[in-house]
There are 2 protein chains.
Amino acid sequence: MSKPADTAASRAGLGDSVLTDDLSFLLARANALSLAAGNAALAEHGLRARSYSVLALSATDARPSQRELAEFLRLDPSQVVALVDDLQSRGLVERQPDPADRRANVVVATDAGRALFAAAAETARRSEVGVHADLSADERDQLILLLRRLAFPSD
Amino acid sequence: MSKPADTAASRAGLGDSVLTDDLSFLLARANALSLAAGNAALAEHGLRARSYSVLALSATDARPSQRELAEFLRLDPSQVVALVDDLQSRGLVERQPDPADRRANVVVATDAGRALFAAAAETARRSEVGVHADLSADERDQLILLLRRLAFPSD
DNA sequence: TATTGTTATACTCTATAACTATA
DNA sequence: TATAGTTATAGAGTATAACAATA
């Protein structure tokens with residue numbers, strides 16, 4: 001196996017190299033492609049991947065606090081402030097005081113926010129199909145399963 | 001299946017939600033964890049994930065041009081300038097004029113660069129083991145295979 | 001004309017620290 | 001004392017456009 005195989009990686013310019021087996025590098029490159037595609041697609045709704053994910057969680061019945069959003073999305077709490085500020089200024093989400101803890105804000109989507117999310121989710125879904133276009137349905141499911149265990153390590 | 005399962009994702013605060021099946025989100029979160037672990041580990045060598053990947057490719061016999069580095073690492077050519085400037089100022093890589101194309105610079109690691117890379121590669125490998133600690137060897141190989149097809153789409 | 005490397009610029013993202021009001 | 005949200009700031013990453021030298 002000394003001759004480089006004619007893989008997509010080798011066609012990309014630098015044949016199969018050290019990094020082609022590097023999990024961190026593959027994650028970084030796959031994420032860069034996915035993020036660029038997602039941001040481009042979501043732009044038609046005035047959203048980016050970040051604001052879309054905050055809107056998505058606010059549109060469920062989970063009623064997440066800003067702290068919970070920060071932990072789940074792996075953002076700093078101060079970044080969540082800016083994201084929620086933006087969505088709130090556009091009437092897409094509201095901050096509601098948590099009756100059980102007056103320090104905490106619960107972020108919930110407005111009707112307009114839910115409507116926008118429904119449309120954006122469809123756009124995001126179509127964008128994602130393009131990202132995993134090379135995989136079969138089984139392979140895609142398998143990838144999501146493995147990736148989920150990487151993304152949410154068991155403590 | 002209306003009751004949320006006790007998965008790591010649900011324990012993270014927001015039970016199984018829309019995003020838990022979202023490939024883009026899982027890629028973003030997994031990459032964030034991997035990148036943070038990698039940067040923290042590589043810091044002891046004065047490297048980050050970016051500069052490590054440039055050094056890695058320069059330390060092979062591929063003799064990549066800056067343009068090739070940019071395409072493979074999915075960076076803008078102007079970012080490669082800064083990365084190579086930094087590594088070159090530390091005596092780790094050299095710019096060599098490409099005899100076949102006088103516009104192009106080929107980036108090659110110096111002996112010091114190769115030595116640092118060898119040490120850093122070992123550090124990076126250990127960091128990566130932590131990232132996929134929840135996976136069996138077969139699962140890790142399967143993940144890398146699938147991820148590689150996402151990272152290098154077939155044109 | 002097109003491409004390689006470069007410079008410049010603006011914007012987004014990441015990471016920290018400090019402050020306030022509640023707990 | 002500790003936690004939720006906020007403000008401020010600096011550094012890293014991303015994206016564009018323009019330019020000189022060369023193809």
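First the proteins, then the strands, lettered A, B, ... as listed; each starts at 1. What you see is a predicted model; the values in this text were computed from it and never measured.
Atom CG in B:Leu73 sits roughly 14 Å away from atom P in D:dA15 (whole-Å rounding). Distance CD (B:Glu68) to C1' (C:dT3): 13 Å, rounded to an integer number of Å. Rounding to whole angstrom units, CG of residue A:Asn39 and P of D:dG13 are separated by 17 Å. For the pair B:Arg48 CZ and C:dA15 P, the interatomic distance rounds to 8 Å; values are reported in whole Å. A straight line from CG of B:Leu75 to C1' of C:dG5 spans 15 Å, rounded to a whole angstrom. In this structure, A:Asn31 atom CG and C:dC13 atom C1' are separated by 12 Å, rounded to whole Å. What separates CG of A:Asp98 from C1' of D:dA4 is a distance of 10 Å, to the nearest Å.
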Contact pattern, 5' to 3', of nucleotides 18-23 of chain D - B, S or - by protein heavy atom under 4.0 Å:
---BBS
Which letter, B, S or -, goes with each nucleotide of nucleotides 6-11 of chain C from 5' to 3', with contact meaning a protein heavy atom under 4.0 Å?
BBB---
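With sequence neighbours excluded, the residues that form a salt bridge (Lys or Arg N to Asp or Glu O under 4.0 Å) with B:Asp85 are B:Arg95. With sequence neighbours excluded, no residue forms a salt bridge (Lys or Arg N to Asp or Glu O under 4.0 Å) with B:Arg74. For the side-chain contact (heavy atoms from CB on, under 4.5 Å) test, residues two or more places apart in sequence or in another chain that qualify with B:Pro77 are B:Arg67, B:Ala70. Under the side-chain contact (heavy atoms from CB on, under 4.5 Å) criterion, A:Arg114 pairs with A:Ala59, A:Ala109, sequence neighbours left out.
With respect to the salt-bridge test (charged N to carboxylate O, under 4.0 angstrom), the residues B:Arg125 and B:Glu128 do not qualify.
For residues 119-151 of chain A, no residue pair satisfies the ring-ring contact (aromatic ring centres under 6.0 Å, His included) rule, not counting sequence neighbours. Screening residues 104-130 of chain A for ring-ring contact (aromatic ring centres under 6.0 Å, His included) gives A:Tyr52-A:Phe117 as the qualifying pairs, with residues at least two apart or on separate chains. Counting only residues at least two apart or in different chains, salt bridge (Lys or Arg N to Asp or Glu O under 4.0 Å) contacts with residues 102-111 of chain A comprise A:Asp101-A:Arg103. Residue pairs meeting the ring-ring contact (aromatic ring centres under 6.0 Å, His included) criterion with at least one member in residues 25-51 of chain A, sequence neighbours excluded: A:Phe25-B:Phe72.
When side chains are defined from C-beta on, A:Leu150 does not count as touching B:Asp134, because their heavy atoms never get closer than 4.5 Å.
Of the residues in residues 51-58 of chain A, none lies under 4.0 Å from DNA chain C by heavy-atom distance.
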For Watson-Crick and G-U wobble pairs within 3.5 Å on both distances, what is DNA chain C written in dot-bracket notation, | included for inter-strand pairing?
|||||||||||||||||||||||
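Here the side chain of A:Ser58 pairs a donor or acceptor atom with the backbone of A:Val54 at under 3.5 angstrom. In this structure, the side chain of B:Asn39 does not engage the main chain of B:Arg48 through any donor-acceptor pair within 3.5 Å.
Cluster annotation: A:Leu35 and B:Leu75 are assigned to distinct hydrophobic clusters (Ile/Leu/Val/Met/Phe/Trp/Tyr, side-chain heavy-atom contacts under 4.5 Å, transitive).
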